[in-house]
2 protein chains.
Amino acid sequence: MKKVTINSVAEYAGVSKKTVSRVLNNEPNVSPATREKVLKVFKELDYTPNPIARGLARNRSFIIGCLYDNPSKSYITRVQSGALEACHKHNYNLLIHPCELRGEALIENIEHLLTTSRLDGLVLTPPFSDSQELIEFLKKKSINYARVASAIEDETSISVRSNDEQGAFEITEHLIALGHSRIAFIKGHPDHSATEQRFSGYKKALAEHNIAYDAELVAEGNFSYHSGADSAKEILDIQPRPSAVFASNDYMAAAVLKLATQSKLNVPEDISIAGFDNAPIARHIWPGLTTIAQPVEEMTRQAVEQLILQISDPEVEKTQITLEAKLIVRESTANI
Amino acid sequence: MKKVTINSVAEYAGVSKKTVSRVLNNEPNVSPATREKVLKVFKELDYTPNPIARGLARNRSFIIGCLYDNPSKSYITRVQSGALEACHKHNYNLLIHPCELRGEALIENIEHLLTTSRLDGLVLTPPFSDSQELIEFLKKKSINYARVASAIEDETSISVRSNDEQGAFEITEHLIALGHSRIAFIKGHPDHSATEQRFSGYKKALAEHNIAYDAELVAEGNFSYHSGADSAKEILDIQPRPSAVFASNDYMAAAVLKLATQSKLNVPEDISIAGFDNAPIARHIWPGLTTIAQPVEEMTRQAVEQLILQISDPEVEKTQITLEAKLIVRESTANI
DNA sequence: CGCATGTCTGACACCGGTGTCATAATGTCG
DNA sequence: CGACATTATGACACCGGTGTCAGACATGCG
């Protein structure tokens with residue numbers, strides 16, 4: 001298997017390598033006949049351009065980096081799969097870069113990543129999409145980036161989100177419709193803008209239905225299963241016990257379910273439980289969790305799509321997109 | 001921020017770019033004084049070599065591809081994290097490539113991946129690490145690869161595995177020690193060599209303890225939660241009901257638990273359940289699943305480590321490594 | 001001291017593409 | 001038909017490194 005380069009194609013087709021390059025990039029000013037001839041040679045020799053050489057000449061790597069710091073494996077794989085879809089479509093590759101928001105020297109870490117990998121752009125997933133520090137750094141370095149699932153408005157960044165507040169509003173309303181009025185709430189990680197959004201949706205639904213907000217019913221979590229277990233302990237001890245718990249994500253909701261079951265409570269007869277995210281665990285446990293499904297793949301896909309657009313034409317406007325979240329009712333919530 | 005290239009370093013240091021290149025690659029035949037001088041300029045100018053240019057000159061991409069087709073998100077992220085660790089250590093990057101073993105034209109898909117991305121090597125995770133077709137293709141193309149978690153012996157491939165048979169043996173023995181003798185078994189996906197290994201460990205433990213193997217107690221699964229639910233239905237209907245179920249992975253075990261709970265059975269009082277893999281779900285549900293923990297990250301890390309060794313020196317021997325799996329006892333198994 | 005050997009260094013081509021510019025071929029129009 | 005614009009093509013430098021080779025210089029040894 002000898003290598004097929006642009007030179008061999010040019011020689012074989014009897015044209016210069018520049019002309020081959022033109023055909024390759026669909027540039028104008030190639031006569032139809034020549035174009036045909038070269039394309040035929042591509043087929044015949046089974047030629048694939050070398051992305052590394054092309055990258056060197058164009059000062060591009062055709063690689064996009066994906067930053068994340070998220071304990072949810074399912075969230076990460078969904079992000080990856082959406083990002084990959086968009087990347088493949090445009091012949092880009094995806095570099096995954098898990099790292100810690102609060103780790104030592106985040107900026108240095110990213111700077112190192114950028115200089116050693118020469119990425120063409122960066123997709124930021126929460127909590128990075130909410131990090132002002134990081135975003136300012138990227139702007140200063142004029143690195144292209146896209147923000148996924150951040151509630152922070154900023155027309156100078158590409159941003160694709162889903163409506164977390166609306167989702168939280170709907171799921172709370174669902175509980176209220178089932179007759180619940182003492183609904184406990186478990187917050188997410190303070191570094192994520194989704195945390196505030198979901199909390200706000202919860203409060204708005206209460207207000208809308210004239211239920212007084214009770215701070216005693218709100219526990220601090222951080223999206224981890226463990227934190228959910230801690231919050232569950234507090235909540236289940238409140239007297240009188242709340243008749244429903246809405247946790248800011250499914251892992252914490254699963255923890256509430258586990259603790260409730262351990263305490264001999266029946267779900268949903270004794271207590272209703274709702275989550276957020278529609279993680280796999282939501283349907284793998286019994287009873288299945290009522291939750292909000294977000295289009296994570298689609299969000300990331302669109303974010304990367306926009307990012308690639310931006311890379312190829314920096315003049316393009318930075319799009320803001322909001323997608324819908326959807327309520328999914330399972331067995332963990334029921335009439336009071 | 002102007003670019004710092006090897007040329008600017010050379011000029012600034014007053015040497016030729018070849019000498020700079022020598023220092024960069026720790027080549028011999030550079031006088032200590034010159035080396036010092038160049039190194040100082042590296043610092044001063046904050047120089048980082050361009051991996052793309054280097055890749056072009058050396059015909060290398062410094063990218064390793066990771067192939068997987070696995071429904072378990074936690075498995076995938078563990079694989080990724082082990083692979084990333086090894087890659088970063090050696091300044092390689094990781095390209096993830098989910099694809100389907102039984103999909104149309106696997107070989108074509110991989111061939112396309114290889115020609116468009118110019119990968120330096122491939123890490124194969126199950127079921128790819130067991131695919132004879134793929135491995136023969138890679139050998140023919142002389143692509144470096146490493147196999148993770150395959151039971152198939154082959155001294156001509158790098159291979160890192162854990163002892164699945166031993167793990168299955170131990171967990172079965174654990175159930176036997178608790179007094180169980182009617183132990184149902186749910187098989188994994190037939191494309192994975194682990195499936196046969198775990199089945200074999202189960203049978204060996206029965207034989208060792210003089211318990212007759214009963215084919216009626218064995219159900220076919222494919223590692224998915226859904227297949228576990230199907231098998232669970234069959235198993236729970238067997239008369240008399242088995243007193244324990246050993247599922248080939250935790251997702252299927254979780255499905256058994258869900259169905260048992262729905263049928264008003266108490267776990268572990270009425271029936272013991274054991275899984276395999278120590279997936280997050282094993283500790284997120286109640287009761288927690290007794291299972292076998294495999295060093296997935298470590299396996300992948302070592303596989304990539306060996307792969308990179310192989311890439312830099314093709315003469316090196318292809319190592320075979322077997323790591324230990326560990327029994328983790330939780331609440332889902334108890335005395336009969 | 002002369003010659004062989006070993007160490008250090010740089011000139012130059014090359015990896016496989018792309019950008020710039022000059023030039024040839026073709027078309028347009030008064 | 002000639003002047004001029006437009007299209008088509010290739011020569012050549014360049015991206016930022018690495019490999020090859022030749023030459024300068026130092027050292028060892030008979």
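Remember, predicted model here, so these are calculated numbers, not experimental data. Chain naming here is simple, since letters A, B, ... match the order of the sequence lines and numbering starts at 1 in each.
Rounding to whole angstrom units, CZ of residue A:R54 and C1' of C:dG19 are separated by 14 Å. Rounded to whole Å, atom P of C:dA11 lies 13 Å from atom CD of B:E11. A:N50 places its CG atom 18 Å from the P atom of C:dC14, with the value rounded to the nearest Å.
Between atom CD of residue A:Q306 and atom CG of residue A:N144 there is a gap of 12.0 Å, rounded to the nearest 0.5 Å.
The shortest distance between the side-chain N/O atoms of B:Y47 and the OP1/OP2 oxygens of D:dG16 is not below 4.0 Å. Contact annotation: A:N25 side-chain N/O to C:dT18 OP1/OP2 distance is under 4.0 Å. Between B:K18 and C:dC12 there is no side-chain N or O to OP1 or OP2 distance below 4.0 Å. Distances shown here put every side-chain N or O of B:K17 at or beyond 4.0 Å from the OP1 or OP2 atom of C:dG10.
Counting non-hydrogen atoms of neighbouring residues, nucleotides and ligands closer than 6.0 angstrom, the CZ atom of A:F42 exceeds 12 such neighbours. Applying the 6.0 Å contact sphere to CD of B:E133 captures no more than 12 heavy atoms from other residues, nucleotides or ligands.
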Distances for protein N or O near nucleotides 4-9 of chain D N or O, under 3.5 Å:
unit_1	atom_1	unit_2	atom_2	d
D:dT9	OP1	A:S31	OG	3.3
D:dT9	OP1	A:T34	OG1	2.6
D:dT9	OP2	A:S31	N	2.9
D:dT9	OP2	A:T34	OG1	3.3

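The pair A:E11-A:K17 does not count as a salt bridge, with every side-chain nitrogen at least 4.0 angstrom from each carboxylate oxygen.
For the pair B:L56 and B:G14, nearest-nucleotide mapping onto DNA chain C gives the more 5' position to B:G14.
Side chain of B:L24, nearest nucleotide from D:dT18, C:dG17, D:dG16: D:dT18. Between D:dG19, C:dG19, C:dC15, one nucleotide has an atom nearer to the side chain of B:R58 than all others, and that is D:dG19.
When the options A:V123, A:L122, A:L134 are evaluated for a side chain to side chain contact (heavy atoms under 4.5 Å, CB included) with A:Y145, the one that passes is A:L122.
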**OP:** Report the C-alpha separation of A:I143 and A:F137 in whole Å, then their side-chain angles, then the decisive distance to 0.1 Å, and conclude whether the side chain to side chain contact (heavy atoms under 4.5 Å, CB included) test is met.
**Re:** CA-CA 9 Å; A:I143 307 285; A:F137 169 76; 5.8 Å; no

